[in-house]
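Take a look at the structure below.
Just so we're on the same page: letters track the sequence lines, and every chain starts at 1.
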Amino acid sequence: MTREPRFGALAADARWQAAWEAANSFATTDSKNLDGADKPKAYILEMFPYPSGRIHMGHVRNYAMGDVLARFKKMTGHDVLHPMGWDAFGMPAENAAMEKGVHPGGWTRDNIAAMRGQLKRLGLAIDWSRELATCDPDYYGQEQALFLDLFAAGLVTRKESYVNWDPVDMTVLANEQVIDGRGWRSGALVEKKKLSQWFLRITDFADELLEGLGGLDSWPDKVRLMQENWIGKSQGLEFSFKLVGGAAGFDVFTTRPDTLYGASFAAISPDHPLAERLAADAPELAEFIAECRRQGTSAEQLETGEKLGFDTGLTVEHPLDPALHLPVWVVNYVLMDYGTGAIFGCPAHDQRDLDFARKYELPVHRVIADGDETAQHFTGDEAYTGPGKLVNSRFLDGMTIDEAKAAIVSRAEHEGWGKGTTVWRLRDWGVSRQRYWGTPIPFIHCHACGTVPVPKDQLPVVLPLDVDFSIPGNPLDRHPTWKHVRCPVCSGDAVRETDTLDTFVDSSWYFLRFASAPSDRPFDPDVIRRWLPVDQYIGGVEHAILHLLYARFWTRALNKMGMIDIVEPFASLFTQGMVTHETYSREQGEGLPPLYFTPDEIERSADGATLTADGAPVQVGRVIKMSKSKKNVVDPDAILDQYGADAARWFMLSDSPPERDLPWSEAGIEGAWRFVQRLWRLFGETENVSDGGEDKALARKLHQAIAGVGSDIEALGFNKAVAKIHALANDIEKAKPSATRAEACLTLIRLVAPMMPHLAEEAWAALPAQLRATTLVADAAWPTADPALLVDDEVTIAIQMAGKLRDTMTLAKGLDKDAIEAAALARPRIAELLGGATPKKVIVVPDRLVNIVP
RNA sequence: GCGGACGUGGCGAAAUCGGUAGACGCAGCAGACUUAAAAUCUGCCAUCCUCUGGAUAUGCGGGUUCAAGUCCCGCCGUCCGCACCA
């Protein structure tokens, strides 16, 4: 092959992508050799994308990282599973159907085709034969089968729960479709509506899911912590309040039983059965409850919104002193979903209760004191939640908070009015969605037999294709024929369930189906045993809680049902940062939002930016996540056209640590492209050995780079690997011609191959056949570092006086402390600074530094 | 509100165990090559000062230590998540 002076990225990208496909380079070997493979397995998985239409830079970054790891694992002798698929159900497809009059399925499949083409242009080492889309009946039919298995195992329940209801569009809204309490399309005030819905009993696994976090030491601490807080295990006291006047009371839960003598009111949720019962005869209370339901359903809205209450006029007895009566309020900040939906309010030591008490002028009693102030009357607007001793609490006075908690619980249990309990913040997983574009829930409602599962031999329950999106609401619900079926038990008239499954269900087991996808069952346990758990999972931190918790739950549930051996799906997790870009805008005057411009409408210089169209300056805004509304997006296709896949991949991996945000810049991608060209020139110098000699210093640097780049990739420190490759390229360029230098150029091809695979193949192919062991560098082995060359025989040792650097010296490595100290004290500069005095103390860290305390 | 993370030059960063702060890259400046441009190459590049040296510097204020970006305490700032978005 004749060598071009410049690397032609576009032609090379296409050529090598075709070559890998022809050679089937990235297929695994499990189907051919299930148990006989000696190779260790490596299952590398990036979170599969939603087919929104086009890939964005965040995808490029995510898949570039996974790809480097997959290619590196292949080079280091692993049997690699690196698949790709599509999280293909979800709301955007229905929105497109409504806005553009297309079918969600057609829209989704078009998007998949477009995005598959874009991903292939990145040159990813993916086994495309395993591609799957969750909207394919082959996939969701197996999901339905698993759902029935979960049902049989008692892990599926039905219960009533609230949804956001748009009374104009007659449809259920997602939280994100509720803007300032109104439906995003209709603008109507959103109501809460109670529906009977399907739930997965994730709370049965709360303890296990919490305990299991302890074993996930290759997960980021922050993700484990977030999950721990999400599961939210709390120990506390559950007890009954007796209504004054004899009527039955209600249960409350508290994590602060120690503050019981500080109670000044009892509060129940607007959704509490007692509140609903009272509202039946009290129109004002009914109106108050309705008002609460018009507020948002999200935790944030509940907790930041104004605290509102309604005095029911009822009172309850204080459990420790029946003569003490507390008023019962209905309040908007008590959640029906947590604890018992009722609390006692202790304003002095809970901020929300204090805000509420101040607003409605309820008493505020101090029961915890951290110093001299012990008066019962509590002043100020800041609740005291710190440590201290009990005061104004009769038999508890003088105890610590923990002692008082224990004392109250033991007394409550002894006297029989309450008991110590564990309460979880985690709620059961509501999986019902009143939408078309999702997995149909395989159940049938029969008047005679109730709700019965669809028999497995009738799966998949396939979505009907003839649906109409011009009328709001769920098209499955009003479909003329689809939902009308015979009851599988009594053969009488019955209707299908028209709710579909939350798309998080689809993503809770796709990693199993990638490993094994038989047509007659969800997966083959023997194949799962070989591949699972996923060795490295990579994706956005936005999935830190829900997706990852649901997938963990699903895996444990399948394990409990005896279908798989593992309990945790992802051995190692990595959460990558976002791709960001500066924004360009102009103010449009009062009351109007600024006008944003896309990066290609802009001329950027060192000190500012101008609009190309009129040459006048625009404001350069902060570097933020790429988003369509701020127009700071860069289209990957345009970048691939201009610079090729390798420059784009290289830039994605450079500079920023992968867990942090990466600021995209035109200068940055150009720099990456220049480096691609620079390597191309260097790769041409593998044969120019003029005087065959050896270059020991360069050999050291080469072998240190082999070891360093390898360990950096393994630890996903791509930015560090990039820096080491830059440093090695600098060293090679500066070195005089030698056999070592030619060898280094040759080795460098394989060092960059995981990151810049097309350039590496092109350079590899240009080598004489005797210099390469494999036809494709994709099949080549990672170079071996010579341990003898990894350590230098000389070290530079710092000499400090009183902790400040005063001199350095170069000594042989491995000298003992005395020799190093003597050498340091013998330095003329040190002798001069000491002025003949004897140092008080000398600390020697061998091979590193000497600190002299004068 | 609750929970989480982050903060080091003009910018992205590095410093793996408490041991020489700023590797590597981007931008910038100066020069070489060229008729010229592009490309390429060489050098400089934290701040200040009394400049062969020294002082100050890792958001701010304390502390521990011979030694702190790293450990401890208290602040400040920024970003992210909050259960029907995926």
Side-chain angles (χ1 to χ4, degrees), chain A residues 6 47-50 52 87 89-92 161 163-164 172-178 197 220-223 225-226 228-230 232 297-305 307 333 337 351-352 355 425-435 502-504 506-507 540-547 549-550 578 605-606 622-625 651 654-657 659-663 665 667-668 670-672 674-675 677-678 681 711-712 715 717 719-720 722-727 729-730 733 796-808 840-843 845 848-853:
Chain A
R6 287 175 78 75
M47 292 180 184
F48 66 166
Y50 178 78
S52 55
D87 190 12
F89 277 135
M91 277 201 318
S161 159
V163 294
N164 298 309
V172 176
L173 298 177
N175 280 341
E176 75 158 16
Q177 296 173 313
V178 180
Q197 306 205 63
D221 289 344
K222 65 171 174 179
V223 174
L225 216 83
M226 282 162 88
E228 188 180 320
N229 290 325
W230 189 259
T297 53
S298 77
E300 185 193 1
Q301 285 165 318
L302 286 173
E303 289 183 39
T304 54
K307 311 269 179 295
Y333 66 90
D337 295 314
Q351 190 60 47
R352 291 171 303 176
D355 294 344
R425 209 185 76 98
L426 182 69
R427 310 199 297 251
D428 273 334
W429 174 14
V431 293
S432 281
R433 297 292 182 272
Q434 294 69 36
R435 300 181 203 290
D502 179 6
T503 56
F504 275 123
D506 308 335
S507 54
V541 73
E542 66 274 19
H543 293 291
I545 297 172
L546 293 183
H547 161 57
L549 192 64
Y550 293 150
M578 296 180 300
S605 67
R622 293 182 357 150
V623 177
I624 54 170
K625 178 181 181 175
F651 180 54
S654 304
D655 292 351
S656 286
E659 69 278 9
R660 233 181 275 180
D661 288 351
L662 171 80
S665 71
E670 278 173 13
R674 281 198 301 270
F675 189 65
Q677 295 301 338
R678 200 173 137 205
R681 289 191 296 274
S711 61
D712 284 340
N719 57 324
K720 296 185 218 170
V722 163
K724 288 191 174 108
I725 286 172
H726 265 287
N730 290 344
E733 281 180 348
T796 304
I797 292 177
I799 307 173
Q800 297 179 338
M801 290 187 74
K804 292 202 185 293
L805 183 69
R806 287 291 179 253
D807 198 5
T808 60
K840 269 201 209 107
K841 197 173 176 185
V842 179
I843 288 124
V845 183
R848 281 209 167 260
L849 99 174
V850 179
N851 190 11
I852 299 164
V853 186

Interatomic spacing from CG in A/Asn851 to CD1 in A/Ile843 - rounded to 0.5 Å: 5.0 Å
Would you say B/A14 has OP1 or OP2 under 4.0 Å from some side-chain N or O of A/Arg660? yes
Closest heavy-atom pair, A/Ser654 versus A/Val722, reported as atoms and distance to 0.1 Å, is OG-CG1, 3.6 Å
Can you name the nearest heavy-atom pair linking A/Leu546 to A/Trp230, along with the distance? CD2-CZ2, 3.8 Å
Integer angstrom distance from the P of B/U52 to that of B/C71: 38 Å
Please tell me which of A/Asn229 and A/Ala672 maps to the more 5' nucleotide of RNA chain B, matching each residue to the nucleotide holding its nearest heavy atom. A/Asn229
NZ of A/Lys804 versus C1' of B/A55: gap in Å, rounded? 8 Å
Non-hydrogen atoms of A/His547 and A/Ser507 that approach each other most closely: CE1-O, 3.1 Å
Pick the P atom in B/G63 and in B/A14, then give their distance to the nearest Å. 30 Å
Could you please name the partner base of B/G28, counting Watson-Crick and G-U wobble pairs only when both distances are under 3.5 Å? B/C44
A/Trp230 side chain: which of B/A23, B/U20, B/A83 is closest? B/A83
Without decimals, in angstroms, what is the distance between A/Phe504 CZ and B/C84 P? 8 Å
B/C6 pairs with which nucleotide, Watson-Crick or G-U wobble, both distances below 3.5 Å? B/G77
Which atom names give the shortest non-hydrogen contact between A/Ala672 and A/Phe651, and what distance separates them? CB-CB, 3.9 Å
Close side-chain approach of A/Arg681 to A/Arg678, heavy-atom, < 4.5 Å: yes
What one should report as the nearest heavy-atom pair of A/Val172 and A/Val163 is CG1-CB, 3.7 Å
Length of the CE-P vector between A/Met578 and B/C80, whole Å: 6 Å
State whether A/Arg848 places a side-chain N or O below 4.0 Å from either non-bridging phosphate oxygen (OP1 or OP2) of B/C17. no
Report which part of the nucleic acid A/Lys720 touches: base, sugar-phosphate, or nothing (heavy-atom distance under 4.0 Å, all strands). sugar-phosphate
Closest listed nucleotide, where the reference is the side chain of A/Met91 and the choices are B/A86, B/A83, B/C66: B/A86
Could you work out the separation of B/G81 and B/A86 based on their P atoms and round it to a whole Å? 15 Å
What does A/Gln434 touch in the nucleic acid at a heavy-atom separation under 4.0 angstrom: a base, only the sugar-phosphate, or nothing? base
Rounded to whole Å, please give me the gap between CG in A/Asn730 and C1' in B/C24. 8 Å
For A/Gln351, report the nucleic acid contact type (base, sugar-phosphate, nothing); a contact means any heavy atom under 4.0 Å. nothing
Closest to the side chain of A/Arg435, out of B/A13, B/C84, B/U20, is B/C84
Could you check whether A/Ser507 gets within reach of a base, just the sugar-phosphate, or nothing at all, counting any heavy atom under 4.0 Å? nothing
If you look at every strand shown and take non-hydrogen atoms under 4.0 Å, does A/Asn851 touch a base, only sugar-phosphate, or nothing? base
Using a heavy-atom cut-off of under 4.0 Å over every strand shown, decide if A/Val845 touches base, sugar-phosphate, or nothing. base
Taking syn as a glycosidic torsion within 90° of 0 and anything else as anti, which one is B/C24? anti
Between CD1 of A/Ile843 and P of B/A68 the distance, given in whole Å, is 12 Å
Taking atom C1' in both B/G77 and B/A55, compute the distance separating them and give it to the nearest angstrom. 29 Å
Closer to the 5' end of RNA chain B via nearest nucleotide, is it A/Val223 or A/Leu662? A/Val223
Under 4.0 angstrom between A/Arg433 side-chain N/O and B/A86 OP1 or OP2: no
What is the distance, to the nearest angstrom, from the CG atom on A/Asn719 to the C1' atom on B/A23? 12 Å
Choose from B/G25, B/C84, B/U20 the nucleotide whose nearest atom is closest to any side-chain atom of A/Tyr550. B/C84
Regarding A/Val842, tell me which of base, sugar-phosphate or nothing describes its non-hydrogen contacts under 4.0 Å with the strands shown. nothing
From B/C41, B/A23, B/U16, pick the nucleotide closest to the side chain of A/Lys724? B/U16
Taking only the P atom of each, what is the distance from B/G61 to B/C51 in whole angstrom? 29 Å
Between A/Thr808 and A/Ala798, the two heavy atoms sitting closest are CG2-CA, 4.2 Å
Mind checking A/Ser656 for me? I need base, sugar-phosphate or nothing, with any heavy atom below 4.0 Å counting as a touch. sugar-phosphate
Is the A/Trp429 ring parallel, tilted or perpendicular to the A/Tyr550 ring (thresholds 30°, 60°)? parallel
Tell me the interatomic distance from A/Glu670, atom CD, to B/C11, atom C1', rounded to whole angstroms. 16 Å
Counting the atoms with a prime plus P, OP1 and OP2 as sugar-phosphate, which does A/Arg806 contact under 4.0 Å by heavy atoms, base, sugar-phosphate, or nothing? sugar-phosphate
Between CZ of A/Phe675 and CD1 of A/Ile725, what distance do you get to the nearest 0.5 Å? 7.0 Å
Look at all strands and tell whether A/Gln197 reaches a base, only sugar-phosphate, or nothing, counting heavy atoms closer than 4.0 Å. base
How would you label the contact of A/Ser52 with the nucleic acid (heavy atoms, under 4.0 Å): base, sugar-phosphate, or nothing? nothing
Considering every strand and a 4.0 Å limit on heavy-atom distances, what is the contact class for A/Ile852: base, sugar-phosphate, or nothing? nothing
Rounded C1' spacing from B/G59 to B/U70 in Å: 16 Å
Across every strand shown, the nucleotide meeting Watson-Crick or G-U wobble geometry with B/G19 (both distances under 3.5 Å) is B/C66
Identify whether the glycosidic angle of B/C80 places it syn (within 90° of 0) or anti. anti
Provide, to the nearest angstrom, the distance between the CZ atom belonging to A/Arg678 and the C1' atom belonging to B/G25. 10 Å
Which part of the nucleic acid, if any, lies within reach of A/His543 when heavy atoms closer than 4.0 Å are counted: base, sugar-phosphate only, or nothing? base
Taking any heavy-atom pair under 4.0 Å as a contact, classify A/Trp429: base, sugar-phosphate, or nothing. nothing
Can you tell me if A/Thr503 touches the phosphate of B/A86, counting only side-chain N or O atoms and a distance under 4.0 Å to OP1 or OP2? yes
Per the O4'-C1'-N9-C4 / O4'-C1'-N1-C2 angle with a 90° window around 0, B/G9 comes out syn
Between B/C24 and B/U35, how far is it from one P atom to the other, in whole Å? 34 Å
Please determine whether any donor N or O and acceptor N or O are separated by less than 3.5 Å between the side chain of A/Asp655 and the base of B/G12. yes
For the P atoms, the ones on B/A21 and on B/U58, what distance do you get once it is rounded to whole angstrom? 12 Å
